[in-house]
2 protein chains.
Amino acid sequence: MADAGIARAGRTRRRTRIQEANEERILDAALEVFSTYGLRGATVDQIAAVAGMTKPNLLYYFRRKDDIYLAVLQRTLDMWLTPLEALSAAGDPMTEITAYVDRKLEMSRDNPKASRLFAMEVMQGAPVIDAVLKGRLKALVDEKAAVIAGWIKAGRLQPVDPHHLIFMIWATTQHYADFDVQVRAVLGGVARESLHFERARATLDQVFLKGIKGPV
Amino acid sequence: MADAGIARAGRTRRRTRIQEANEERILDAALEVFSTYGLRGATVDQIAAVAGMTKPNLLYYFRRKDDIYLAVLQRTLDMWLTPLEALSAAGDPMTEITAYVDRKLEMSRDNPKASRLFAMEVMQGAPVIDAVLKGRLKALVDEKAAVIAGWIKAGRLQPVDPHHLIFMIWATTQHYADFDVQVRAVLGGVARESLHFERARATLDQVFLKGIKGPV
DNA sequence: AGTTTTCCTGACCAATTGGTCAAGGGAAAA
DNA sequence: TTTTCCCTTGACCAATTGGTCAGGAAAACT
């Protein structure tokens, strides 16, 4: 996979500040464009325009469209998986899960483009990160599902299918990023940003909490 | 908007069986392609190939790419809104909501392409159905949210924000269509189709049921 | 049957797309 | 200051894209 940019001939050189700055500008622009139009719908010209540079200049840093796409996916991947990794068997089940929901929701609010990028990739059949889904992601989910299963076995949580519970959390939280336009359209001018986020959080917390809280 | 196909000159003629059949083939193919790549990422050649006809032939029925897109969106819209319309104030709250969840989940299973088509459209900023979202959809959601609010006021349901509850239901059910690839990847070969659908249904029903069931 | 209308296709076109390249302008090491 | 690389660009290219058109093949009407 190399170093993202500068896969050009000759040995690997030190990274210039210009290089560093431009690659970041490009990746930011690429996130913007790819997260809206997907790999196929996005054009290099468009990314270059958003990044404020000429197309050949952009292609100097990333030789092919696919390279940019790959780089921006990888860049966002870790950030996206972090919240689930933080779910700890040691903590109190309800606290842990609520915290996970809240963290994920915050990510959707603060980084909606990352959410949409993955959504686009997956909806197009995950041509690039398919292996990651089946490998790293599956392993992580299986691990945390086991943690939840442990809580259930210990009688600290209602018996629910852990995998599908995780799917529910993903779906509900990412919905606010992926379908942002629809959410706004339906809520109308009524709800101001922060307010509608707070309501979402309250609703999710409440339903999940009551929905899976341990035996009365 | 006209008659979808044959907006060609002259007065509107009767629809041939050939016409009817071909338009359906085209719309099926268009659903397949647009739901995967979105408006911009899809190509007319590709749709024609899936429909099993030449590009000029396809363009004989729909003169522009946008026309096909619009037609396939409209064709799917009603079907997509039906489940929510069926939610009735007259019924028992929990029964109604569970039934809605189940219906939506079945739609995701039986017509995942429709789900992905709308997801794509919305994620790309809803350039085509923006007005529908703010008009018809908002009106429908507001109406049903009022129904739910009524149940809450009557003490038959835990107090939750009705709009966000509806979002939760959309998100969780459509997730199985939109992120199908991811779901399969994470569940691995373990779960066979029908089995994993049944588990999803059970999990959603349970969490929503316990999550919002009226005061004990 | 013959005539009219619909259907279908190969050839074609302009615009856009991903990508290359030679050569000039700058930054930084010597 | 000089030299060496790094950076940037306009011009260019082949392939793909959305879309047109003239004319032949097949239906449909009479």
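Numbered from 1 within each chain, the chains take letters A, B, ... in sequence-line order.
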Open item on the list: Please give me the minimum heavy-atom distance between A:R75 and A:L27, naming the atom from each residue.
Closed with: NH1-CB, 3.4 Å
TODO: Taking all non-hydrogen atoms of both residues into account, name the closest pair between A:E85 and A:K144 and its distance.
DONE: O-NZ, 3.2 Å
Task: Residue whose nearest DNA chain D nucleotide is more 5′ - B:K65 or A:L58 - done: A:L58
Which part of the nucleic acid, if any, lies within reach of [X] when heavy atoms closer than 4.0 Å are counted: base, sugar-phosphate only, or nothing?
X: A:A21; answer: nothing
X: B:R40; answer: nothing
X: A:A42; answer: sugar-phosphate

Open item on the list: On the nucleotide C:dT9, are OP1 or OP2 found under 4.0 Å from the side-chain N or O atoms that B:T54 carries?
Closed with: yes
Open item on the list: Counting the benzene-type ring for Trp, do A:H164 and B:Y176 have ring centres under 6.0 Å apart?
Closed with: yes
Picking from [options], which would you name as closest to the side chain of [X]?
X: B:Y60; options: D:dG18, C:dC8, D:dC7; answer: C:dC8
X: A:N22; options: D:dC7, D:dT8, C:dG19; answer: D:dT8
X: B:Y61; options: D:dG10, D:dC21, C:dC8; answer: C:dC8
X: B:L59; options: C:dG19, D:dG19, C:dA11; answer: D:dG19
X: A:T43; options: C:dG18, D:dC6, C:dC7; answer: C:dG18

Task: Residue whose nearest DNA chain C nucleotide is more 5′ - B:P56 or B:R17 - done: B:R17
Open item on the list: Need to verify one output field. Residue with the more 5' nearest nucleotide on DNA chain C, B:I18 or A:D45?
Closed with: B:I18
Open item on the list: Closer than 4.0 angstrom, basic N to acidic O: yes or no for A:D78 and A:R136?
Closed with: yes
Task: Donor-acceptor pair (no angle test) under 3.5 Å: B:K55 side chain, D:dG18 base - done: yes
TODO: Grab the CZ-C1' distance between B:R64 and C:dA14 for me, whole Å please.
DONE: 14 Å
Task: By side-chain hydrogen bond (donor to acceptor under 3.5 Å, both in side chains) - contacts of B:R25 (at least two apart) - done: B:N22
